[in-house]
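A quick note: this is a predicted structure, and the numbers were derived from the prediction, not measured.
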Amino acid sequence: MNAGVWTVGVIVGSSEMGLSLDEYTSLPERDKQDLISKTADIFLKNGADFTIKTMEELPELIDTINTLIEEGKRPRSN
């Protein structure tokens, strides 16, 4: 059943990523990027409409979603 809502996976700090903030920040940049990509892929494969790295990106994503709604687009059906 589709609830008709847009879903967003927040990557850094998620249980899916599985690291504390200290563990994450201590990683080399390349490892961070690899982990972000892997976690984003998992969220998307499990039905997220979007992923964002942190909550700081949410306001811009909300603007994007509002534009999609204005264009008549709806969340994907799972």
Inset, instruction - Would you indicate whether the side-chain heavy atoms of L68 and W6 approach each other to under 4.5 Å? - result: yes

Legend entry - Any donor-acceptor pair under 3.5 Å from S26 side chain to E23 backbone: yes

Inset, instruction - Provide the closest heavy-atom pair for K53 versus E57 in the form atom of the first, atom of the second, distance. - result: N-OE1, 2.9 Å

Legend entry - Interatomic distance, T39 atom OG1 to L44 atom CG [nearest 0.5 angstrom]: 11.0 Å

Inset, instruction - Kindly compute the distance separating OG (S37) from CD1 (I42), expressed to the nearest 0.5 Å. - result: 11.0 Å

Inset, instruction - Quick one: closest heavy-atom pair of I52 and L61, and the distance? - result: CG2-CD2, 3.7 Å

Legend entry - Closest non-hydrogen atom pair between V5 and D49, with its separation: O-OD2, 3.7 Å

Legend entry - Distance-minimising heavy-atom pair for M55 and V10: SD-CG2, 3.7 Å

Inset, instruction - Can you establish whether the number of heavy atoms outside E60 located under 6.0 Å from its atom CD is more than 12? - result: no

Legend entry - Atom of T7, atom of A48 and distance for their closest heavy-atom approach: OG1-CA, 3.2 Å

Legend entry - I11 CD1 to E16 CD distance, which is reported to the nearest 0.5 Å: 10.5 Å

Inset, instruction - Look up atom CG in L58 and atom CG in D63, then write down how far apart they are to the nearest 0.5 Å. - result: 9.5 Å

Legend entry - Connected via hydrophobic side-chain network under 4.5 Å: I65 and F43: no

Inset, instruction - Taking all non-hydrogen atoms of both residues into account, name the closest pair between V12 and M17 and its distance. - result: CA-SD, 4.0 Å

